[in-house]
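Just so you know, residue 1 is the first one in the sequence shown, and it goes up from there.
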Amino acid sequence: MDIVALILWGMLAASLLLTWASLARGSWRQMVAAAALSLLFSIAAMFSIGPFTFLLTCLQGGAALAIYRNARVREQVGLLLAGLAAWLVIIAVPLAVILL
């Protein structure tokens, strides 16, 4: 069981490192790889911190689109807000309805 946790946390750490590297290099493919790693972590940790790490996945997806499109600042902000809106619709609102 410890090895599984080590692999999962390693995937999240690798996702964060890939995010930083892809932003520095402007590589949308690295950002997609980072989003895939954080998505796998979110699914595996669904009943603990998965819903919150899914926000990272949504933001990485928006950043990947912004890098791919070579977007200007307004478009970058719009794509990141679209990622945030996707997280709100998929996770935050249903979670609030369940808890309230």
Considering all heavy atoms, the nearest [X]-[Y] contact:
{"X": "Gly83", "Y": "Cys58", "answer": "O-CB, 3.2 Å"}
{"X": "Gln76", "Y": "Ala71", "answer": "NE2-O, 3.0 Å"}
{"X": "Ala64", "Y": "Val32", "answer": "CB-CG2, 3.9 Å"}
{"X": "Pro94", "Y": "Val89", "answer": "CD-O, 3.4 Å"}

Are side-chain heavy atoms of [X] and [Y] found at a separation under 4.5 Å?
{"X": "Leu16", "Y": "Leu56", "result": "yes"}
{"X": "Leu6", "Y": "Asp2", "result": "no"}
{"X": "Met31", "Y": "Leu23", "result": "yes"}
{"X": "Thr19", "Y": "Leu59", "result": "no"}
{"X": "Ile49", "Y": "Phe41", "result": "yes"}
{"X": "Leu18", "Y": "Leu37", "result": "yes"}
{"X": "Leu84", "Y": "Leu80", "result": "no"}

Task: Distance-only side-chain donor-acceptor flag, Ser38 / Thr53, under 3.5 Å - done: no
Task: Short side-chain donor-acceptor distance under 3.5 Å, Ser27 and Ser22 - done: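 No, Ser27 and Ser22 have no side-chain donor paired with an acceptor closer than 3.5 Å.
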Task: Qualifying ring pair (Phe, Tyr, Trp, His ring centres under 6.0 Å) pairs, either residue in residues 59-100, two or more places apart - done: Trp28-Tyr68
- [ ] Drop me the distance from Leu88's CG to Leu81's CG, to the nearest 0.5 angstrom.
- [x]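 The CG atom of Leu88 sits 10.0 Å away from the CG atom of Leu81.
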Hydrophobic clusters here meaning ILVMFWY residues chained together by side-chain heavy-atom distances under 4.5 Å, can you tell me if [X] and [Y] are in one?
{"X": "Ile90", "Y": "Phe47", "result": "yes"}
{"X": "Leu39", "Y": "Leu95", "result": "no"}
{"X": "Ile43", "Y": "Met11", "result": "no"}
{"X": "Val4", "Y": "Trp9", "result": "yes"}
{"X": "Val93", "Y": "Phe52", "result": "no"}

Open item on the list: For residues 65-88, which residue pairs pass the salt bridge (Lys or Arg N to Asp or Glu O under 4.0 Å) check, not counting sequence neighbours?
Closed with: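 Of all non-adjacent pairs touching residues 65-88, those that pass salt bridge (Lys or Arg N to Asp or Glu O under 4.0 Å) are Arg69-Glu75.
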Task: Test side chain to side chain donor-acceptor pair (under 3.5 Å) applied to Ser15 - qualifying residues, sequence neighbours left out - done: Gln60
